[in-house]
Amino acid sequence: MKNQDCIFCKIANGEIPSATLYEDEDFRVILDLGPASKGHALILPKEHFADLYELSDEAASKALVLAKKIAAKLTEILKCDGFNIVQNNGTCAGQTVFHFHIHLIPRYKNDSVGLGWTPGTLTSEDKDEILAGFGK
Ligand code: AMP
Ligand code: ZN
């Protein structure tokens, strides 16, 4: 199902032109217009899911297989030195377009891509709370 006001629905379904690297029945893979690095691509499902929480199990399993395939092809073409797969959910996590997508970000030695965090400490309170949530 498509969402009328969603730009990625329109791109994924070909209503808005894009630099398409790959397309099948379920997905379109495009070049990001604001790339973090050369070759930054986005995997867009044709069906509208706002985020990971809404994503169907079927689309989820196909999306990672596709990510693997496109990352391998981009690595071959660009001779990049590494790869990040990024997927943001929620404004606080950096999501700006609320149609599920996976970022494929080629990495190059000494590039200036800013991904990462300062490691904290796993406290026993946090650990106990989270494990309890899983019934452990
Ligand atoms: P996120 O912040 O995870 O929601 O990622 C949204 C991404 O979509 C950003 O990297 C944008 O540069 C990219 N983007 C937004 N609009 C377009 C567009 N029309 N075509 C290609 N990429 C886009
Ligand atoms: Zn959409």
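Heads up: numbering here begins at 1 and tracks the sequence. All heavy atoms count here, side chains included; hydrogens, waters and symmetry mates do not. Order of appearance sets the numbers: ligands from 1, and atoms from 1 within every ligand.
For Asp126 (side chain) and Leu122 (main-chain N/O), no donor-acceptor pair under 3.5 Å exists by modelled atom type. The backbone N or O of Phe100 lies less than 3.5 Å from no partner atom in the side chain of Asp51, so there is not a single donor-acceptor pair. Side-chain atoms of Ser37 come within 3.5 Å of backbone atoms of Pro106 as a donor-acceptor pair (strictly under, hydrogens ignored). Within the 3.5 Å criterion, the main-chain N or O of Lys10 finds no donor-acceptor partner in the side chain of Glu15. Proximity of a side-chain donor or acceptor of Glu47 to a complementary backbone N or O of Cys9 within less than 3.5 Å is not detected.
His101 pairs by the ring pair (Phe, Tyr, Trp, His ring centres under 6.0 Å) definition with Phe8, His103, not counting sequence neighbours.
Phe134 belongs to a hydrophobic cluster with Ile130, counting contacts under 4.5 Å between side-chain heavy atoms of Ile, Leu, Val, Met, Phe, Trp and Tyr, direct or through other members.
Annotation: protein N, O or S atoms under 2.8 Å of the Zn ion (ligand 2) (waters excluded) comprise Cys6 SG, Cys9 SG, His48 ND1, His99 ND1.
Side-chain contact of Asp24 with Tyr22: a donor-acceptor pair under 3.5 Å is present, judged by distance alone.
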For each nitrogen or oxygen atom of ligand 1, which protein N/O atoms lie closer than 3.5 Å, and how far apart are they, rounded to 0.1 Å?
from: ligand 1; atom 1: 2 (O); to: Gly94; atom 2: O; distance (Å): 2.8
from: ligand 1; atom 1: 2 (O); to: Thr96; atom 2: N; distance (Å): 3.3
from: ligand 1; atom 1: 2 (O); to: Thr96; atom 2: OG1; distance (Å): 2.9
from: ligand 1; atom 1: 3 (O); to: Asn88; atom 2: ND2; distance (Å): 2.9
from: ligand 1; atom 1: 3 (O); to: His101; atom 2: NE2; distance (Å): 2.9
from: ligand 1; atom 1: 3 (O); to: His103; atom 2: NE2; distance (Å): 2.8
from: ligand 1; atom 1: 4 (O); to: Thr96; atom 2: N; distance (Å): 2.7
from: ligand 1; atom 1: 4 (O); to: Thr96; atom 2: OG1; distance (Å): 3.2
from: ligand 1; atom 1: 4 (O); to: Val97; atom 2: N; distance (Å): 2.9
from: ligand 1; atom 1: 4 (O); to: His101; atom 2: NE2; distance (Å): 3.0
from: ligand 1; atom 1: 5 (O); to: His101; atom 2: NE2; distance (Å): 3.0
from: ligand 1; atom 1: 5 (O); to: His103; atom 2: NE2; distance (Å): 3.2
from: ligand 1; atom 1: 10 (O); to: Asp32; atom 2: OD1; distance (Å): 3.3
from: ligand 1; atom 1: 10 (O); to: Asp32; atom 2: OD2; distance (Å): 2.5
from: ligand 1; atom 1: 12 (O); to: Asp32; atom 2: OD1; distance (Å): 2.5
from: ligand 1; atom 1: 22 (N); to: Leu33; atom 2: N; distance (Å): 3.2

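With respect to Lys46 and Asp26, no salt bridge is recorded, no charged nitrogen being found less than 4.0 Å from a carboxylate O.
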